[in-house]
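Just below is one structure, and these are the notes that go with it.
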There are 2 protein chains.
Amino acid sequence: MEFEKLADTLKALADPTRLKIISLLRTRDCCVCELVPIFNISQPAISKHLSRLKTAELVHETRKGQWVFYSLNEKKLEETGFALNHLPDLSEKLKELEKQGLLVRCE
Amino acid sequence: MEFEKLADTLKALADPTRLKIISLLRTRDCCVCELVPIFNISQPAISKHLSRLKTAELVHETRKGQWVFYSLNEKKLEETGFALNHLPDLSEKLKELEKQGLLVRCE
DNA sequence: TAGTTATATAACCATATTGTTATTTATAAT
DNA sequence: ATTATAAATAACAATATGGTTATATAACTA
């Protein structure tokens, strides 16, 4: 389960446009119409990228009048970087293999 | 460019099977035939996952007789986690928008 | 040399991703 | 009420992803 969830979050991050959006949100909360002129893609494309980030809980949205402002969830971003270097331990699987004599012995 | 490269590395990481492989390699170098019985997918599927990780420089391969052993590139993994929290700065883009009067002023 | 084991590659398929344009919904302004 | 602006959703297309089975290649074994 843990691996699936982390993989989902990493998928949300694994796109240059979304990484750039995250970098921009680090500077300042932004609404969709501010992000659109920065990228060479359409408004719906930006909107979908933000929606993907929101589903992954990497950003938070707040409506202010006719605008929707997006802000970065820095905690989630930090957690993800941390998780990469602290993956759940699967050494049990290797111990099981060893019991079954399935580990390769060379040299 | 930087964003594209990071996105590529994250794509290589953004899969539960590959994350599990990385966790296993943290314990011990493994060859393909050891990994296969741990997962419910075919040998070619495992082989392709390893190939993907190798292209991203997240693992290194060494042939030992008839086996090919894969080892984790811990440095690359650490760098990636670090990069997530130190994305290149794009605040210039927002400054440009400001000059053009394209930033939204509400409240 | 022939057979076996380990791994990689090829060809293929179903689904996901990422973009597009057109349209809808929500809010603000005239 | 009508019009304009911001953002989301729908429908679609091209490409990427992740699996399969069949086959090729590499190295060991008898």
Side-chain angles (χ1 to χ4, degrees), chain A residues 3-4 7-22 24-25 29-56 58-71 97 101-107, chain B residues 3-5 7-22 25 29-56 58-71 97 101-107:
Chain A
F3 287 98
E4 275 76 5
D8 280 345
T9 306
L10 291 172
K11 264 179 205 162
L13 289 166
D15 176 90
T17 300
R18 291 195 291 271
L19 287 175
K20 286 175 195 167
I21 289 175
I22 284 174
L24 289 163
L25 293 182
D29 293 359
C30 294
C31 59
V32 182
C33 68
E34 289 171 330
L35 294 173
V36 170
I38 294 177
F39 298 92
N40 282 328
I41 58 178
S42 65
Q43 173 267 315
I46 296 287
S47 201
K48 280 202 289 183
H49 279 303
L50 288 165
S51 170
R52 191 97 158 71
L53 290 171
K54 196 179 61 173
T55 301
L58 284 158
V59 303
H60 180 248
E61 82 177 25
T62 318
R63 180 171 279 276
K64 285 189 186 173
Q66 59 192 144
W67 301 283
V68 176
F69 277 79
Y70 286 85
S71 56
L97 279 198
L102 291 176
L103 286 195
V104 171
R105 287 256 149 262
C106 40
E107 78 236 315
Chain B
F3 288 98
E4 276 76 5
K5 273 188 69 178
D8 281 345
T9 306
L10 291 172
K11 266 179 204 160
L13 289 166
D15 176 271
T17 300
R18 290 194 291 271
L19 287 175
K20 286 175 194 168
I21 289 175
I22 284 173
L25 294 182
D29 293 359
C30 295
C31 58
V32 182
C33 68
E34 290 172 328
L35 295 173
V36 169
I38 295 177
F39 297 93
N40 281 328
I41 57 177
S42 65
Q43 173 267 316
I46 295 288
S47 201
K48 280 203 291 183
H49 280 304
L50 287 165
S51 170
R52 191 97 158 72
L53 290 171
K54 196 179 63 173
T55 300
L58 285 159
V59 303
H60 180 248
E61 82 177 25
T62 318
R63 180 172 279 276
K64 285 191 186 173
Q66 57 193 144
W67 299 283
V68 176
F69 277 80
Y70 286 85
S71 57
L97 279 197
L102 290 177
L103 286 194
V104 171
R105 287 256 148 263
C106 40
E107 78 235 315

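Letters A, B, ... are given to chains in the order of the sequence lines, protein chains preceding strands, and every chain is numbered from 1.
With a cutoff of under 4.0 Å to any heavy atom of chain A, the contacted region of DNA chain C is bounded 5' to 3' by dT17(C) to dA28(C).
Put simply, Arg18(B) has a side-chain N or O that comes within less than 4.0 Å of OP1 or OP2 on dG18(D).
The residue Tyr70(B) sits close only to the backbone: its heavy atoms come under 4.0 Å of sugar-phosphate atoms, none of a base.
DNA chain C is contacted by Ile41(A), Ser42(A), Pro44(A), Ala45(A), Lys48(A), His49(A) of residues 41-50 of chain A, taking any non-hydrogen atom closer than 4.0 Å.
Considering only residues two or more places apart in sequence or on other chains, Pro44(A) meets the side-chain contact (heavy atoms from CB on, under 4.5 Å) condition with Ser42(A). With sequence neighbours excluded, no residue forms a side-chain hydrogen bond (donor to acceptor under 3.5 Å, both in side chains) with Gln43(B). Residues passing the side-chain contact (heavy atoms from CB on, under 4.5 Å) test with Ser71(B) are Asp29(B), His60(B), sequence neighbours excluded.
Distance Asp8(A) CG to dG18(D) P: 12 Å, rounded to the nearest Å. Atom C1' of nucleotide dG18(D) and atom CZ of Phe3(A) are separated by 19 Å, given to the nearest angstrom. Here the P atom of nucleotide dT15(D) and the CG atom of Asp15(A) are 17 Å apart, to the nearest Å. Rounded to a whole Å, the CD atom of Glu34(A) is 17 Å from the P atom of dT5(D). Taking atom CH2 of residue Trp67(A) and atom P of nucleotide dT5(D), one finds them 12 Å apart after rounding to whole Å.
At a threshold of 4.5 Å between non-hydrogen side-chain atoms, the residues Tyr70(A) and Ile46(A) do not count as touching. Looking only at side-chain heavy atoms (C-beta outward), Leu19(B) and Leu10(A) come within less than 4.5 Å of each other. Residues Leu50(B) and Leu35(B) meet the side-chain proximity criterion, which asks for heavy atoms closer than 4.5 Å.
In terms of position on DNA chain C, the residue among Val32(B) and Arg52(A) whose nearest nucleotide sits closer to the 5' end is Val32(B).
Considering OG1 of Thr9(B) and CG of Leu13(A), their distance stands at 12.5 Å, rounded to 0.5 Å. To the nearest 0.5 Å, atom CZ of residue Phe69(A) and atom CG of residue Leu25(A) are 11.0 Å apart.
Listed by first and then second residue, the side chain to side chain donor-acceptor pair (under 3.5 Å) pairs that reach into residues 46-55 of chain A are Arg18(A)-His49(A), Lys54(A)-Glu61(A), sequence neighbours excluded.
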